[in-house]
Amino acid sequence: DAKTTQPTSMDCAEGRAANLPCNHSTISGNEYVYWYRQIHSQGPQYIIHGLKNNETNEMASLIITEDRKSSTLILPHATLRDTAVYYCIVRGFDNYGQNFVFGPGTRLSVLP
Amino acid sequence: DAGVTQSPTHLIKTRGQHVTLRCSPISGHKSVSWYQQVLGQGPQFIFQYYEKEERGRGNFPDRFSARQFPNYSSELNVNALLLGDSALYLCASSLKASGGSADTQYFGPGTRLTVL
């Protein structure tokens with residue numbers, strides 16, 4: 001079973017920031033938070049990951065709460081091409097034999 | 001650099017047949033994982049291989065098997081196909097097989113298998 005819970009769907013206006021929440025209350029100290037997205041039956045696309053510090057790259061920012069029990073993925077200026085299913089996954093290291101466990105994700109619709 | 005490549009793109013088979021799907025990882029990546037994605041669900045883990053050895057297996061029947069070659073490419077084989085095997089089969093590659101930063105998995109475009 002996935003170790004994360006996410007809202008089923010969200011809407012966002014084009015040009016506005018999209019804030020996608022994720023709860024991972026049972027996360028362990030050695031587990032990373034990863035975000036992927038999947039655009040209509042394409043392969044999942046890696047977005048960002050983090051352990052405890054906030055992270056930013058050219059695609060998005062990841063804000064992890066101090067207790068690490070939840071996080072938020074921020075797309076600063078959403079475009080129509082950001083419409084996709086977004087998956088939040090927790091993944092530990094030195095965990096041979098276990099892999100990314102995908103839940104149903106959040107379906108983000110960016111509206112014009 | 002080329003990303004993860006998979007072949008074929010689409011495949012149609014009938015029940016009881018056998019299928020082989022192929023995956024080439026990103027250059028320098030030594031680990032390949034396979035996932036099955038049924039319509040409307042998230043990907044489900046099938047296998048992980050690292051340095052040609054199986055490192056993990058998901059909850060799939062023995063009809064599913066895989067192997068990794070010396071050049072780190074991989075094949076997924078499914079025997080005695082069932083209607084329920086119809087899905088998008090995804091391959092992902094990573095540098096290693098551990099869960100640290102070096103283990104970010106990069107996915108290919110997938111092979112769409114339809115079983116009639």
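Residue numbering restarts at 1 for every chain, and letters A, B, ... go by the order of the sequence lines.
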Note: vs chain A, highest number of non-hydrogen pairs under 4.5 angstrom among B:Pro43, B:Pro109, B:Gly110 is B:Pro43
Verify whether the ring centers belonging to B:Phe107 and A:Tyr36 lie closer than 6.0 Å. yes
Atom CZ of residue position A:Arg107 - does it have more than 12 heavy atoms of other residues, nucleotides or ligands inside 6.0 Å? no
Does a sphere of radius 6.0 Å around NZ in A:Lys52 hold more than 12 heavy atoms from other residues, nucleotides or ligands, not counting ones at 6.0 Å or beyond? no
From CZ (A:Phe100) to OG (B:Ser94), nearest 0.5 Å: 7.5 Å
Side chain, backbone, both or neither: which part of B:Phe47 has a non-hydrogen atom closer than 4.5 Å to chain A? neither
Looking at B:Arg63, I'd like to know if its CZ atom is crowded, meaning that more than 12 non-hydrogen atoms belonging to other residues, nucleotides or ligands lie closer than 6.0 Å. yes
Name the atoms and distances for all side-chain donor-acceptor pairs under 3.5 Å in residues 7-17 of chain A, with sequence neighbours left out.
none

Could you tell me which portion of B:Gln6 (side chain, backbone, both or neither) has an atom closer than 4.5 angstrom to a non-hydrogen atom of chain A? neither
Over 12 foreign heavy atoms within 6.0 Å of CG, B:Asn71: yes
With sequence neighbours left out, the residues meeting salt bridge (charged side-chain N to carboxylate O under 4.0 Å, His left out) with B:Arg67 are B:Glu75
Worked check of side-chain contact (heavy atoms from CB on, under 4.5 Å) between A:Gln42 and B:Leu90: CA-CA 9 Å; A:Gln42 298 178 18; B:Leu90 295 159; over 6 Å; no
Please classify the contact of A:Gln38 with chain B as side chain, backbone, both or neither, using a heavy-atom distance under 4.5 Å. side chain
Can you name the nearest heavy-atom pair linking A:Tyr87 to B:Gln37, along with the distance? OH-NE2, 3.4 Å
Output for pair (A:Ile48 CD1, B:Thr104 OG1), nearest 0.5 Å, gives 10.5 Å
Please test A:Phe102 against B:Phe45 for side-chain contact (heavy atoms from CB on, under 4.5 Å), starting from the C-alpha separation and ending with a verdict. CA-CA 9 Å; A:Phe102 287 79; B:Phe45 169 65; over 6 Å; no
Assess whether atom CG of B:Leu83 is packed by more than 12 heavy atoms of other residues, nucleotides or ligands within 6.0 Å. yes
